[in-house]
Amino acid sequence: MLVSEVMLQQTPVVRVLPVWLDWMERWPEPGDLAREASGEAVRHWGRLGYPRRALRLHAAATAIVDEHGGKVPRTYEGLLGLPGVGDYTAAAVASFAFGKRETVVDTNIRRVHARLVSGTALPAPSLTAAEMRLAEALMPRDTALSVRWNASVMELGALVCTARSPKCSDCPVRTECAWLAAGEPPPSYIPKGQAWHGTDRQLRGAVMAVLRVAEAPVARGMFEQAPADLGFAAGGTAAPLAALHRLNSAPEQLERALDGLVRDGLAELHDGDYRLPA
């Protein structure tokens, strides 16, 4: 549950599922992951994006082994004490995995609350204290019912009360919806998606794609200049290197990406070459 919650942060289920299945087969228990080098967690993170999450999961697995006897903590407080685990993840795992009464507030739940109770098309750009108070006030006092409530409101937001084309005719609480009653007023702001093409994030992802398949440290020059085409079939790092070179990134952007990956612990500089962390 902890692994899936971290993977699902800012990543859709369809992309997470095959990677999650691979992780569960490869590392069914926290100790299995903790015994691996952190670079293996990054390698098998695949293309989920935001690979620092892989490092956090590895650090959390190590803490679970060292501090909790190899068992995932069952309480919000215990989960919150793990490296890289924030309020939402701690509450979600405590509620859905261990049946605790915790206030779970994700993007879908926030949107349902905004429309159903507050009468606004979208919640505020960032989670507010007022939203948390509302969520706590709405949640049933009964523990078992609170777990079902969290799951139900989350599913309602994900499948019916969606951000762009809500299926209001299918909504079981449409007669009580303040937003529908107000005439479906438009949002007060337009959500902006994150840019990708040409960004440092895209270049970092391309570099990581090379390091994930590399069987040996990769020389800096390989990132900077495409190798000569000798007519051999592409294999190993050839395909991801070719994809990186097609970006035609400026030298200073590549240097920034490489330095940033080393600084973030996602890569190591070893005798002038780059590799995943050992």
Side-chain angles (χ1 to χ4, degrees), residues 1-34 36 38 40-113 123 126-127 131-132 135-136 139 143-144 146-159 161-163 194 264 266:
M1 182 71 191
L2 177 59
V3 173
S4 64
E5 283 295 341
V6 173
M7 286 183 171
L8 286 165
Q9 295 167 5
Q10 299 178 289
T11 311
V13 173
V14 67
R15 290 180 56 200
V16 164
L17 184 57
V19 179
W20 179 81
L21 290 172
D22 175 63
W23 272 52
M24 291 299 96
E25 182 178 355
R26 191 178 300 276
W27 303 307
E29 298 293 336
D32 300 321
L33 176 57
E36 292 271 19
S38 61
E40 288 305 298
V42 176
R43 187 187 309 279
H44 293 284
W45 191 253
R47 301 180 63 185
L48 290 186
Y50 303 100
R52 274 179 287 183
R53 292 180 292 171
L55 293 179
R56 293 175 189 142
L57 276 172
H58 186 273
T62 301
I64 289 169
V65 170
D66 292 344
E67 302 169 16
H68 300 278
K71 301 297 182 182
V72 177
R74 301 176 65 89
T75 66
Y76 169 85
E77 292 76 15
L79 288 159
L80 194 61
L82 297 176
V85 174
D87 291 331
Y88 166 76
T89 301
V93 174
S95 176
F96 299 138
F98 300 117
K100 305 295 185 181
R101 187 183 181 278
E102 296 293 345
T103 305
V104 180
V105 182
D106 76 339
T107 300
N108 292 312
I109 290 176
R110 293 179 63 214
R111 187 168 56 253
V112 171
H113 289 173
S126 299
L127 180 64
E131 287 181 276
M132 285 302 301
E136 291 164 0
M139 196 168 63
T143 298
S146 74
V147 175
R148 291 167 54 196
W149 170 268
N150 284 331
S152 299
V153 180
M154 188 178 291
E155 285 295 292
L156 182 64
L159 301 177
C161 193
T162 56
Q194 288 189 323
D264 292 340
L266 291 166

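- Side-chain contact between F98 and V72 is present, with at least one heavy-atom pair separated by less than 4.5 Å.
- Of all heavy-atom pairs between A41 and H58, the closest is CB-CB, 4.3 Å.
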| task | Check step by step if side chain to side chain contact (heavy atoms under 4.5 Å, CB included) holds for I109 and D106. | result | CA-CA 5 Å; I109 290 176; D106 76 339; 3.3 Å; yes

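- Distance check, rounded to the nearest 0.5 Å: CZ of F96 to CG of L2 gives 14.0 Å.
- The two residues K100 and T143 make their nearest non-hydrogen contact at C-CG2, 4.2 Å.
- When every heavy atom of R101 is checked against every heavy atom of E136, the shortest pair comes out as NH2-O, 4.3 Å.
- Rounded to the nearest 0.5 Å, atoms CG (L82) and CD (E67) are 7.5 Å apart.
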| request: Given side chain to side chain contact (heavy atoms under 4.5 Å, CB included), test V153 with H113 step by step and report yes or no. | output: CA-CA 9 Å; V153 180; H113 289 173; 4.1 Å; yes

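- The nearest pair of heavy atoms linking V16 to L48 is CA-CD2, 4.0 Å.
- Considering W23, Y50, W20 in turn, W23 is the only one that fulfils the ring pair (Phe, Tyr, Trp, His ring centres under 6.0 Å) rule with W45.
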| task | Could you go through the side chain to side chain donor-acceptor pair (under 3.5 Å) check for E5 and Y88 one step at a time? | result | CA-CA 9 Å; E5 283 295 341; Y88 166 76; 3.2 Å; yes

| query | Can V105 and E131 be said to form a side chain to side chain contact (heavy atoms under 4.5 Å, CB included), step by step? | reply | CA-CA 9 Å; V105 182; E131 287 181 276; 5.7 Å; no

| field | Check against side chain to side chain contact (heavy atoms under 4.5 Å, CB included), M139 and N150 | value | CA-CA 8 Å; M139 196 168 63; N150 284 331; 3.7 Å; yes

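- In this structure, the separation between CG on D32 and CH2 on W27 is 10.0 Å, given to the nearest 0.5 Å.
- Here CE of M24 is found 9.0 Å from CD of E29. Values are rounded to the nearest 0.5 Å.
- Formation of a donor-acceptor pair under 3.5 Å by the R111 side chain with backbone atoms of G157 is found in this model.
- The shortest side-chain heavy-atom distance between L266 and R52 falls under the 4.5 Å cut-off.
- Atom CG of N108 and atom CG of L159 lie 8.5 Å apart (nearest 0.5 Å).
- Closest of all the heavy-atom pairs between Y76 and D87 is OH-OD1, 2.8 Å.
- A donor and an acceptor atom, one from each side chain of T89 and Q9, are located under 3.5 Å apart.
- Remark: R56 pairs with no residue by the salt bridge (Lys or Arg N to Asp or Glu O under 4.0 Å) rule, at least two apart or across chains.
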| request: Evaluate side chain to side chain donor-acceptor pair (under 3.5 Å) for R53 paired with T11, printing each intermediate quantity in order. | output: CA-CA 11 Å; R53 292 180 292 171; T11 311; 3.0 Å; yes

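- Shown here for A90 and V85, the closest heavy-atom pair between the two residues is N-CG1, 3.8 Å.
- Inter-residue side-chain proximity for T62 and D66 is flagged as met; some heavy-atom pair is nearer than 4.5 Å.
- Here M7 contributes atom CE and L57 contributes atom CG; the two are 6.5 Å apart, rounded to the nearest 0.5 Å.
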